[in-house]
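Following: one structure in structure tokens, then a few remarks.
Throughout, residue positions are numbered sequentially from 1 according to the sequence presented. Being a predicted model, the structure only gives us computed values, none of them experimental.
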Amino acid sequence: MSTIVERGIVFAERDGFRHLELDVYRPVEARGPLPVIHQIHGGGWRRSHRGLSPRETRGWTPTFFERMVAAGFVVVASSYRFSGEALYPAAVDDSLDAARWIGANVARYGGDPARQVVFGQSAGGYLATAVGLSTDVDPVRGVMCWYPLTDPGAIADDDPASDFPTQWLGAPLSTVPDLTAKASLPAQVRSDAPPFLLQHGTADSMAPFDQSVRLHAALVGVGAPSTLEPAVDAEHFFGGFDDADIVAVFERAMAFADACV
């Protein structure tokens with residue numbers, strides 16, 4: 001399926017910072033408004049770019065974005081401020097503003113704002129979850145996360161996985177318990193949360209598998225729908241899986257998204 005990309009659309013401006021942009025991917029031909037995937041990239045809240053697909057998918061042809069469009073979605077890939085620019089919760093605020101832009105504007109690009117799911121990887125999985133749990137934006141229909149960080153306070157200071165959240169929160173995690181408690185996503189779950197799909201490598205050293213276990217347990221504990229899909233023995237970026245395995249993970253995420261909308 002041929003894809004049109006509208007790049008560099010400004011969705012928010014921040015005093016003293018760069019303006020924030022998003023890209024919209026849509027099919028050349030579509031019948032009626034399509035459901036929307038809000039794609040939020042990873043990079044430890046510190047680097048990467050909305051136009052980069054997850055590392056394990058960058059060799060794909062068709063691309064990660066084209067495959068989401070081919071699955072029947074309009075895709076909106078948003079940017080956010082990094083920890084070198086602004087600390088927590090700036091990236092959350094930016095992702096919420098992108099969700100608001102989608103609600104107000106995606107119809108002109110052939111998307112249905114009432115049928116929106118959020119997809120994030122690693123730090124983007126945290127942001128996707130924050131959007132999905134927020135009561136300050138219109139509800140989304142589902143949330144898909146690949147190997148997310150969800151609960152910084154559960155990571156020890158000497159764990160290599162603490163590096164990026166420490167930079168984002170601005171201090172060693174054990175020294176800011178009030179802040180890590182505020183940033184904990186398992187503490188923010190609610191019974192009317194949208195369905196979640198958490199796909200995570202059990203051998204992940206950059207975002208421990210326990211981070212998804214904690215979120216899943218919290219969601220199930222309040223009666224919210226959640227599916228935890230362990231990628232057995234896989235590292236971050238599904239390291240150790242071959243491409244066919246990763247394609248299968250992606251296809252299950254798309255099937256989940258389709259069922260949500």
Side-chain angles (χ1 to χ4, degrees), residues 35-40 42 68 71-73 76 88-89 91-93 95-100 102-103 112-155 161 165 173 177-202 204 207-232 234 248-261:
V36 179
I37 292 177
H38 179 189
Q39 158 64 18
I40 308 179
M68 288 191 285
F73 294 87
V76 179
Y88 168 88
V92 175
D93 294 338
S95 299
L96 292 173
D97 270 352
R100 294 182 183 103
I102 292 170
D112 182 351
R115 292 190 293 153
Q116 179 188 164
V117 297
V118 194
F119 191 9
Q121 303 79 38
S122 196
Y126 180 102
L127 299 173
T129 298
V131 171
L133 294 177
S134 176
T135 57
D136 293 329
V137 294
D138 291 337
V140 300
R141 294 284 192 91
V143 182
M144 301 97 73
C145 297
W146 282 3
Y147 39 82
L149 278 160
T150 68
D151 197 356
I155 302 173
L173 302 177
D178 290 346
L179 189 57
T180 58
K182 182 178 179 181
S184 171
L185 295 175
Q188 299 175 33
V189 299
R190 47 190 174 80
S191 60
D192 60 346
F196 273 73
L197 174 64
L198 307 171
Q199 297 171 296
H200 205 141
T202 61
D204 196 326
F209 179 62
D210 180 63
Q211 293 281 298
S212 278
V213 172
R214 285 174 174 271
L215 179 60
H216 173 70
L219 287 162
V220 171
V222 297
S226 177
T227 300
L228 175 60
E229 184 180 297
V232 178
V249 169
F250 172 81
E251 290 178 346
R252 288 193 294 274
M254 292 301 98
F256 173 86
D258 186 64
C260 288
V261 298

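- For the pair Ala193 and Pro225, the tightest heavy-atom approach, listed with the atom from each and the gap, is O-CD, 3.8 Å.
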Kindly determine whether Leu179 and Tyr88 satisfy side-chain contact (heavy atoms from CB on, under 4.5 Å), including the steps that lead there.
CA-CA 9 Å; Leu179 189 57; Tyr88 168 88; 3.8 Å; yes
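- With contacts defined as side-chain heavy-atom distances shorter than 4.5 Å, the pair Pro148/Ser212 qualifies.
- Across every non-hydrogen atom of Val117 and Cys260, the tightest pair is CG1-CB, 4.0 Å.
- Not one N or O on the side chain of Tyr126 forms a donor-acceptor pair closer than 3.5 Å with the backbone of Asp151.
- You'll find the side chain of Phe256 reaches within 4.5 Å of the side chain of Met144, heavy atoms only.
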For residues 129-139, dump all side-chain donor-acceptor pairs below 3.5 Å to protein atoms at least two apart in sequence or in another chain.
from, atom 1, to, atom 2, distance (Å)
Thr129, OG1, Gly125, O, 2.9
Ser134, OG, Asp136, N, 2.9

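- Salt bridge status for Arg214 with Asp210: present, with a side-chain N to carboxylate O gap under 4.0 Å.
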What do the steps show when you test Val36 against Phe73 for side-chain contact (heavy atoms from CB on, under 4.5 Å), and what is the final call?
CA-CA 5 Å; Val36 179; Phe73 294 87; 6.0 Å; no
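- Considering all non-hydrogen atoms of both residues, Ala154 and Gln211 come closest at CB-NE2, 4.0 Å.
- With sequence neighbours excluded, the residues forming a side-chain contact (heavy atoms from CB on, under 4.5 Å) with Pro89 are Val92, Asp93, listed by chain and number.
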Quick one, Val140 with Val118, criterion side-chain contact (heavy atoms from CB on, under 4.5 Å). Give me CA distance, side-chain angles, the key distance, then yes/no.
CA-CA 7 Å; Val140 300; Val118 194; 3.7 Å; yes
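- In this structure, the separation between CZ on Arg190 and CG on Leu219 is 10.0 Å, given to the nearest 0.5 Å.
- Proximity of Pro230 to Phe209: side-chain heavy atoms (C-beta onward) are separated by under 4.5 Å at one or more points.
- Remark: side-chain polar atoms of Gln116 are not paired, donor with acceptor, to backbone N or O of Asp112 under 3.5 angstrom.
- Between Arg115 and Val261 the shortest heavy-atom distance is CD-O, 3.3 Å.
- What you find for Pro165 and Pro152 is that their closest heavy atoms are CB-CB, 4.2 Å.
- When all heavy atoms are compared, the tightest approach of Ile102 to Pro113 is O-CB, 4.0 Å.
- Checking side-chain atoms of Arg141 against main-chain N and O of Ala114 turns up a donor-acceptor pair under 3.5 Å.
- Of the residues listed (Gln199, His216, His200), the one engaging Glu229 in a side chain to side chain donor-acceptor pair (under 3.5 Å) is Gln199, and it is the only one.
- Looking at heavy atoms from C-beta onward, Leu215 lies out of side-chain contact with Leu228 at the 4.5 angstrom threshold.
- With contacts defined as side-chain heavy-atom distances shorter than 4.5 Å, the pair Leu197/Val143 does not qualify.
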Let's go through Met254 and Ile37 carefully: what are the C-alpha distance in whole Å and the side-chain angles of both, what is the deciding distance for side-chain contact (heavy atoms from CB on, under 4.5 Å) to 0.1 Å, and is it a yes or a no?
CA-CA 10 Å; Met254 292 301 98; Ile37 292 177; 3.9 Å; yes
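- Taking 4.5 Å as the limit, some side-chain heavy atom of Leu198 sits within range of a side-chain heavy atom of Cys145.
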